[in-house]
Amino acid sequence: MSNLIDGRAIAAQVHAETASRVAHLRARGIQPGLMFIRVGEDPASQVYVGMKEKKAAELGFRSETRVLPAHTPQEALLQLLRQLNSDPTWHGILVQAPLPRGIDAPTVYGTVAPSKDVDGFHPVNVGKLSLGDPSGFVPCTPGGILELLVRSQVPLDGAEVVILGRGNIVGKPMAAILVQKTAHTNCTVTLCHSGTRDVAAHCRRADIVIAAMGVPEFVRGDMVRPGAVVVDVGVNRIPDPANPGRQRLVGDVAFAECQPRASRITPNPGGVGPMTIAMLLANTVRAAEQTAG
Ligand code: GUN
């Protein structure tokens with residue numbers, strides 16, 4: 001039997017649940033609205049936002065993308081956010097990261113109304129997650145990883161989890177989610193980063209390794225305890241030796257070495273990526289339900 005955790009199949013389940021919630025709202029005359037904002041022409045962001053908007057439309061959301069030039073003054077972006085905050089037809093607002101130099105990301109994410117912050121980046125939502133208050137929005141990638149693990153029946157209560165990477169989008173919120181005392185979490189979490197002395201030794205102890213540090217194929221087979229669960233969040237572009245001048249995508253996990261040792265492992269692509277979109281749309285339908293009362 002395959003040991004793959006099929007992110008596409010699990011995302012499809014979540015999408016089906018979201019689509020039915022969207023249909024309920026639309027029957028009440030409310031169409032959930034999700035506004036995407038992209039600043040500049042980062043090629044990866046173009047692809048990601050395009051995929052998110054397409055899926056939103058498929059599930060019955062109203063969605064739109066505003067593209068601002070890379071040299072947009074920060075104040076113009078904040079102005080747009082304030083206008084969207086006060087427009088009740090937009091239930092969710094997503095400003096795609098990374099933002100161009102000259103724009104201060106914390107100021108931008110702190111300007112999105114917490115009730116529309118379906119990315120979970122506003123300090124109020126970060127604080128709620130840290131406090132274990134479920135009324136906030138949880139960032140989509142770590143929220144999606146939790147959903148993958150729970151729906152794959154990976155035991156979490158008491159599990160030793162090693163997270164690689166302390167970024168604000170994945171590593172830190174992932175740790176905050178997994179340490180909560182709930183039926184589906186209650187893990188012992190080790191958060192490794194560039195200052196960690198012996199990352200491999202931490203990984204070898206783990207029941208679950210979540211790699212989100214952005215180093216191509218960092219997790220080697222000998223770092224995975226036989227029977228451990230491996231989750232690969234990495235999206236790294238590296239030169240493709242088979243096609244000179246071209247690039248190929250690799251994760252943070254050396255998949256061919258790790259798969260035979262792991263009890264379960266996410267493929268990449270087809271693991272974490274689809275879940276990020278699924279959680280974004282689940283967060284947005286909840287934002288709309290909350291305003292509908
Ligand atoms: N860039 C990479 N991941 C994300 C995400 O989850 N949300 C936003 N807004 N930008 C991102």
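Note that this is a predicted model, so its numbers are computed, not measured. All ligand and atom numbering here is 1-based and tracks the order in the structure.
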Tell me the residues surrounding ligand 1, counting only those with a heavy atom closer than 4.0 angstrom, sorted by chain and number. L94, V95, Q96, A97, D119, F121
For the SG atom of C140 and the CD atom of E147, what is their distance to the nearest 0.5 Å? 12.0 Å
Using a 3.5 Å distance criterion without hydrogens, assess whether the side chain of K116 forms a donor-acceptor pair with backbone atoms of W90. yes
Looking at H184, I'd like to know if its NE2 atom is crowded, meaning that more than 12 non-hydrogen atoms belonging to other residues, nucleotides or ligands lie closer than 6.0 Å. no
Looking at L164, V170, I169, which hits side chain to side chain contact (heavy atoms under 4.5 Å, CB included) with V233? V170
Check whether S263 reaches the backbone of G227 with its side chain - one donor and one acceptor, N or O, closer than 3.5 Å. yes
Only counting residues at least two apart or in another chain, list the ones meeting side chain to side chain donor-acceptor pair (under 3.5 Å) with N85. none
